[in-house]
Peer 1: 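Would you mind keeping the following structure in view while I ask a few things?
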Amino acid sequence: MSEEKKSLNFIEQIIEDDLNNGYNKEQLKFRFPPEPNGFLHIGHASSICLNFGLGLKYNAPVNLRFDDTNPIKEEKAYVNAIKKDVEWLGFKWAKECYASDYFQQLYDWAVELIKQGSAYVDSQSSEAIAAQKGTPTEPGQSSPYRERPITENLELFEAMKNGETPPRAHVLRAKIDMSSPNMLMRDPVMYRCLHEPHHRTGNDWHIYPMYDWAHGESDFIEQVSHSFCTLEFQPHRELYNWFVEKVSHEGELLPKQREFARRNLSHTVVSKRKLLRLVEENIVNSWDDPRMPTISGLRRRGFTAASIRNFANDIGIGKRENMIDVSRLEFSAREDLNKTTPRVMAVLNPLKLIITNYPEDKTEQLTAENNPEDPESGSRQIPFSREIYIEQEDFREEANRKFFRLKLGKEVRLKNAYIIKAEKAIKDDNGNIIEVHCTYDEDSKSGSGTEASKRKVKGTLHWVSVPHAIPAEVRLYDRLFTVEDPTAHKEKDFLDFVNPKSLEVITAQVEPSLKTAKALEKFQFQRIGYFCVDQDSSESNLVFNRTVTLRDSWKNK
RNA sequence: UGGCCUAUAGUGUAACUGGCAACACGUCUGGUUUUGGUCCAGAAGAGUCUAGGUUCGAGCCCUAGUAGGCCAACCA
């Protein structure tokens, strides 16, 4: 009954404080503002869950706004991929917006700033402007064009807009303070001239606004109340406020920018630039390669939207540097998959086992539970016969008593089937075990209720009947990098740390019920891990991706 | 010769206006189990970067250090 009183993170605290200090709940509005220059990754998932989560919590609208002010790097294809990812994560945006929707308004406001004497056209090179900018510890110097007459600025700016000036010949700069301790306040560039077509406005514009000029104004136009971004934008806040104040009037709601720490995930990189390199240099096959920490890669790998949302919510939000271990993400995957995934049997590294006292031409249908975590999931029939595959690592000629599997002279249960005893190991000329002969206890059939069926044995193995088994390609994925933070070494390139074994492809033998499994369907291969049918899969060539292994408290001992 | 931000178990977050540091993951025990999974029970693990100060009392407030991060794209 009583709502559990969960502690607020600092972002929620800010909102609560604002609500207590004059904001109306109806004024709350948020936005998620990706630049369409790459695919969304797990770091963005945190931001998405933060903003849309806030929208849900306060019943406030959340816009999806594409920050498309740089036509050189942005593409329509990315817009579509981003929309798909946000939807897949389970969120609905109030409005689909684009910074490019506001190009005309931004231009009109820029003209106003020029008229006020708050902006001027600078005709120096990029290098000259940079040189005059000073350093964090030394003040900058004024551009020789800083005092250009307003009428001249107006004329030039219009010429720039009309494409009558060469690309990059001029820029429009805000006139603020060349000696500010904040480098961003030293007359920042508002517009640059680019004769490049834009994915939405085509060739309409020859000047494009810079991030600082476009972002806050877009928030203001949409009447976003809280604009959340990552920590590196903190110094931009002063500029953000300066621009918004310039175009707003007394009594209007001004958006406020607040910053949170980006989430870093261990054993991977969370930067669009670096992910792009992985794709371009063919370290991975695509943006949605299951090894990529992109939303699309995680989806293909078999992560559920719920597991990603839970992960984002559980790790929370903060302001300090952080490195979250991938094992935390893997936990979220197992937690969700355990409850929702049907169990099946698949043998990754097959070893043939022959039950010598089982009739040669006999096949039985045995009953197997689909998911012990979900009573509603029912059961299915699986074929059993004289020859079955078991996992190579499940048999040893000799082993200590900690080995709860099959060894010569000892018994073990075949899941959903019979208790067997290993009698003999058949080897090839090199001494490799190629076949195991064993006998079964006919009275021990699972679920038969006999005394023999209730006997306790050391272990239970999964298996697949040889004549009924279906071969399947299984892609075993591992972490993409061998170290926690591949970017931590200044002397080395992060690609030096790529894990050469991040992908291993094998042919497994799986139970026949999997024959019709469709792309994105998820299963637990019992005793092994969670697997997801890849988009490359077909009935004649099944392909599974390993999402994550089962937790294994034995392996490390 | 600067400005801004941050500092709590191995990791990530908590601790409402100051009241003997909590939760999750991980680790370790034990139990249940036809998955060495799940589930259940329990344990270890920080005295909150350091030094001062205010206070009856400070992780929370103040001061000074220290450490880390960010800031000099016509990128976002």
Side-chain angles (χ1 to χ4, degrees), chain A residues 5-9 13 33-35 37 67-70 72-74 122 125-126 129-140 167-173 180-186 189-194 207-208 210-212 214-215 229-238 259 261 263 266 272-273 314-325 327-332 334-335 338-339 343 345 368-369 372-373 402-405 412-417 419 446-447 453-462 524-529 549-555 557:
Chain A
K5 198 182 177 189
K6 205 172 173 268
S7 57
L8 303 175
N9 61 44
Q13 197 60 251
E35 183 191 9
N37 68 339
D67 230 331
D68 57 349
T69 56
N70 186 352
I72 297 169
K73 297 203 279 186
E74 296 152 6
D122 196 332
S125 69
S126 169
I129 292 175
Q132 289 159 4
K133 205 126 200 179
T135 70
T137 55
E138 292 162 24
R168 300 186 188 271
H170 311 279
V171 292
L172 183 73
R173 290 229 260 170
S180 170
N182 183 347
M183 299 288 292
L184 289 156
M185 299 301 276
R186 322 241 263 225
V189 173
M190 293 171 69
Y191 277 99
R192 73 282 217 189
C193 298
L194 297 172
I207 54 172
Y208 291 94
M210 300 291 289
Y211 167 84
D212 289 295
H215 201 94
C229 59
T230 46
L231 245 31
E232 67 266 29
F233 289 96
Q234 185 124 29
H236 294 248
R237 190 149 116 193
E238 191 180 0
E259 311 81 13
R263 267 35 194 109
S266 76
K272 276 196 274 192
R273 211 198 98 247
D314 290 350
I315 61 177
I317 200 80
K319 293 189 78 168
R320 37 179 175 163
E321 291 289 300
N322 58 79
M323 178 59 77
I324 294 150
D325 202 287
S327 63
R328 187 62 188 71
L329 211 212
E330 292 169 351
F331 165 80
S332 292
R334 292 190 188 105
E335 185 187 37
N338 175 51
K339 289 181 293 197
R343 272 60 172 171
M345 293 200 282
E369 218 177 356
E373 298 297 311
K402 289 269 199 174
F403 185 74
F404 297 170
R405 306 179 184 190
V412 85
R413 168 165 311 274
L414 291 176
K415 179 84 180 169
N416 301 125
I419 291 173
S446 293
S453 73
K454 293 176 184 164
R455 267 163 52 211
K456 298 283 179 205
V457 287
K458 257 308 181 64
T460 302
L461 308 186
H462 61 278
Q524 185 199 90
F525 287 3
Q526 280 183 119
R527 302 212 302 134
I528 300 172
T549 61
L550 246 34
R551 188 163 165 267
D552 188 349
S553 53
W554 185 70
K555 190 170 86 182
K557 292 186 177 173

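Below, chains carry the letters A, B, ... as their sequence lines are ordered, and counting in each starts from 1.
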Peer 1: Grab the two heavy atoms, one from L550(A) and one from R334(A), that are nearest each other, plus how far apart they are.
Peer 2: C-NE, 3.8 Å
Peer 1: Would you indicate what I315(A) reaches in the nucleic acid, counting non-hydrogen atoms under 4.0 angstrom: base, sugar-phosphate, or nothing?
Peer 2: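 Counting heavy atoms under 4.0 Å across all strands, the contact made by I315(A) is with sugar-phosphate only.
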Peer 1: Do R192(A) side-chain atoms and P167(A) backbone N/O form a donor-acceptor pair below 3.5 Å?
Peer 2: no
Peer 1: Would you tell me if any nitrogen or oxygen in the side chain of S180(A) comes within less than 4.0 Å of OP1 or OP2 on G3(B)?
Peer 2: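 The answer is no; no side-chain N or O of S180(A) sits under 4.0 Å from OP1 or OP2.
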Peer 1: Please state how far atom CG in L231(A) lies from atom P in U6(B), giving the value in whole angstrom units.
Peer 2: 8 Å
Peer 1: Mind checking R328(A) for me? I need base, sugar-phosphate or nothing, with any heavy atom below 4.0 Å counting as a touch.
Peer 2: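 Sugar-phosphate, no base atom in range.
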Peer 1: Using a 4.0 Å heavy-atom cut-off, does F331(A) contact any base of the nucleic acid, only the sugar-phosphate backbone, or nothing at all?
Peer 2: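 It contacts sugar-phosphate atoms only.
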Peer 1: Identify the heavy atoms of R186(A) and P136(A) that sit nearest to each other, and give their distance.
Peer 2: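 It is NH2-N, 4.4 Å.
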Peer 1: When we call it a touch if two heavy atoms are under 4.0 Å apart, what does H236(A) touch: a base, just sugar-phosphate, or nothing?
Peer 2: base
Peer 1: Please determine which of R527(A), K415(A), R343(A), Q526(A) meets the side-chain hydrogen bond (donor to acceptor under 3.5 Å, both in side chains) test together with H462(A).
Peer 2: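 The residue from R527(A), K415(A), R343(A), Q526(A) that satisfies side-chain hydrogen bond (donor to acceptor under 3.5 Å, both in side chains) with H462(A) turns out to be R527(A).
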Peer 1: Short question: side chain of E138(A), backbone of G134(A) - any donor-acceptor pair under 3.5 Å?
Peer 2: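 Checking the backbone N and O of G134(A) against the side chain of E138(A), no donor-acceptor pair under 3.5 Å is found.
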Peer 1: What nucleotide among C5(B), G12(B), C70(B) has an atom nearest to a side-chain atom of E232(A)?
Peer 2: C70(B)
Peer 1: Atom CG of D68(A) and atom C1' of C75(B): how far apart are they, to the nearest Å?
Peer 2: 14 Å
Peer 1: Enumerate the protein-to-nucleotides 48-50 of chain B contacts in which both atoms are nitrogen or oxygen and the separation is below 3.5 Å.
Peer 2:
none

Peer 1: Using only heavy-atom distances, determine whether the side chains of S266(A) and R328(A) contain a donor-acceptor pair under 3.5 Å.
Peer 2: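 No donor-acceptor contact under 3.5 Å links the two side chains.
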Peer 1: Return the value, rounded to whole Å, for the distance between atom CD1 of I317(A) and atom C1' of U13(B).
Peer 2: 11 Å
Peer 1: OP1, OP2 of C5(B) versus side-chain N and O of K319(A): anything below 4.0 Å?
Peer 2: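 Answer is no, no contact under 4.0 Å.
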Peer 1: Enter syn or anti for the glycosidic conformation of G10(B), syn applying to angles within 90° of 0.
Peer 2: anti
Peer 1: On RNA chain B, check which nucleotide each of G134(A) and A261(A) is closest to and give me the residue with the more 5' one.
Peer 2: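 By nearest-heavy-atom nucleotide position, the 5'-most residue is A261(A).
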Peer 1: Looking only at side chains, do N182(A) and S180(A) share a donor and an acceptor under 3.5 Å apart?
Peer 2: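 Per modelled atom types, N182(A) and S180(A) side chains form no pair under 3.5 Å.
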Peer 1: Can you tell me if K73(A) uses its side chain to pair, donor with acceptor, with the backbone of E35(A) under 3.5 Å?
Peer 2: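 Side chain of K73(A) to backbone of E35(A), a donor-acceptor pair under 3.5 Å: no, none is there.
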Peer 1: Classify F233(A) by what it touches in the nucleic acid, base, sugar-phosphate, or nothing, heavy-atom distance under 4.0 Å.
Peer 2: base
Peer 1: Taking all atoms of both residues into account, what is the closest heavy-atom pair of E259(A) and F233(A), and its distance?
Peer 2: CG-C, 4.3 Å
Peer 1: Report yes if at least one side-chain N or O of T137(A) is closer than 4.0 Å to OP1 or OP2 of U1(B); otherwise report no.
Peer 2: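 Looking at the OP1 and OP2 atoms of U1(B), neither is under 4.0 Å from any side-chain N or O of T137(A).
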Peer 1: Check the chi torsion on A73(B) and let me know: syn if it falls within 90° of 0, anti if not.
Peer 2: syn
Peer 1: Closer to the 5' end of RNA chain B via nearest nucleotide, is it P181(A) or S125(A)?
Peer 2: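 On the 5' side of the pair lies P181(A).
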Peer 1: Minimum heavy-atom separation for T69(A) and E74(A), please, with both atom names.
Peer 2: N-OE1, 3.4 Å
Peer 1: Where do R413(A) and R455(A) come nearest, in terms of heavy atoms and distance?
Peer 2: NH2-O, 4.2 Å
Peer 1: In whole Å, what is the span from the CD atom of Q13(A) to the P atom of A15(B)?
Peer 2: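 So the CD-P distance, Q13(A) to A15(B), works out to 8 Å.
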Peer 1: Which helical stems does RNA chain B take part in, if a stem means at least 3 consecutive Watson-Crick or G-U pairs with both distances below 3.5 Å?
Peer 2: B:2-7 with B:66-71, B:10-13 with B:22-25, B:27-31 with B:39-43, B:49-53 with B:61-65
Peer 1: Grab the NZ-C1' distance between K133(A) and G3(B) for me, whole Å please.
Peer 2: 15 Å
Peer 1: Might you list the N or O atoms of the protein lying below 3.5 Å from N or O atoms in nucleotides 34-40 of chain B, with each pair's distance?
Peer 2:
from: U34(B); atom 1: OP2; to: K456(A); atom 2: NZ; distance (Å): 3.1
from: U34(B); atom 1: O2'; to: K415(A); atom 2: NZ; distance (Å): 2.9
from: U34(B); atom 1: O2; to: N416(A); atom 2: N; distance (Å): 3.0
from: U34(B); atom 1: N3; to: S446(A); atom 2: OG; distance (Å): 2.3
from: U34(B); atom 1: O4; to: R413(A); atom 2: NH1; distance (Å): 3.3
from: U34(B); atom 1: O4; to: S446(A); atom 2: N; distance (Å): 3.3
from: U34(B); atom 1: O4; to: S446(A); atom 2: OG; distance (Å): 2.0
from: U34(B); atom 1: O4; to: G447(A); atom 2: N; distance (Å): 3.4
from: U35(B); atom 1: O2; to: Q524(A); atom 2: OE1; distance (Å): 3.0
from: U35(B); atom 1: O2; to: R527(A); atom 2: N; distance (Å): 2.9
from: U35(B); atom 1: N3; to: Q524(A); atom 2: OE1; distance (Å): 2.6
from: U35(B); atom 1: O4; to: R343(A); atom 2: NE; distance (Å): 2.5
from: U35(B); atom 1: O4; to: R343(A); atom 2: NH2; distance (Å): 3.0
from: G36(B); atom 1: OP1; to: R527(A); atom 2: NH1; distance (Å): 2.9
from: G36(B); atom 1: O3'; to: S553(A); atom 2: OG; distance (Å): 3.4
from: G36(B); atom 1: O2'; to: D552(A); atom 2: OD1; distance (Å): 3.4
from: G36(B); atom 1: N7; to: R405(A); atom 2: NE; distance (Å): 3.3
from: G36(B); atom 1: N7; to: R405(A); atom 2: NH2; distance (Å): 3.1
from: G36(B); atom 1: O6; to: F404(A); atom 2: N; distance (Å): 3.0
from: G36(B); atom 1: O6; to: R405(A); atom 2: NE; distance (Å): 3.3
from: G36(B); atom 1: N1; to: K402(A); atom 2: O; distance (Å): 2.8
from: G36(B); atom 1: N1; to: W554(A); atom 2: NE1; distance (Å): 2.8
from: G36(B); atom 1: N2; to: K402(A); atom 2: O; distance (Å): 3.3
from: G36(B); atom 1: N2; to: W554(A); atom 2: NE1; distance (Å): 3.4
from: G37(B); atom 1: OP1; to: S553(A); atom 2: OG; distance (Å): 3.0
from: G37(B); atom 1: N2; to: R343(A); atom 2: NH2; distance (Å): 3.4
from: G37(B); atom 1: N2; to: E373(A); atom 2: OE2; distance (Å): 3.0
from: U38(B); atom 1: OP2; to: R551(A); atom 2: NH1; distance (Å): 3.0
from: U38(B); atom 1: O2'; to: N338(A); atom 2: ND2; distance (Å): 3.3
from: U38(B); atom 1: O2'; to: E373(A); atom 2: OE1; distance (Å): 3.1
from: U38(B); atom 1: O2'; to: E373(A); atom 2: OE2; distance (Å): 3.1

Peer 1: Whole angstrom is fine here: how far is it from OH in Y191(A) over to C1' in C75(B)?
Peer 2: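 Distance check: Y191(A) OH to C75(B) C1' gives 17 Å.
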Peer 1: Identify whether any heavy atom of N70(A) sits under 4.0 Å from a base atom; if not, whether one sits that close to sugar-phosphate; answer base, sugar-phosphate or nothing.
Peer 2: sugar-phosphate
Peer 1: Tell me which nucleotide among A72(B), C75(B), A14(B) gets nearest to the side chain of T135(A).
Peer 2: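 Comparing A72(B), C75(B), A14(B) against the side chain of T135(A), the answer is A72(B).
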Peer 1: Given the C1' atoms of C28(B) and A44(B), what is the spacing between them in whole Å?
Peer 2: 7 Å
Peer 1: Just call it for D314(A): base, sugar-phosphate, or nothing, with non-hydrogen atoms closer than 4.0 Å on any strand.
Peer 2: nothing
Peer 1: For U13(B), does OP1 or OP2 lie under 4.0 Å from any side-chain N or O of R263(A)?
Peer 2: yes
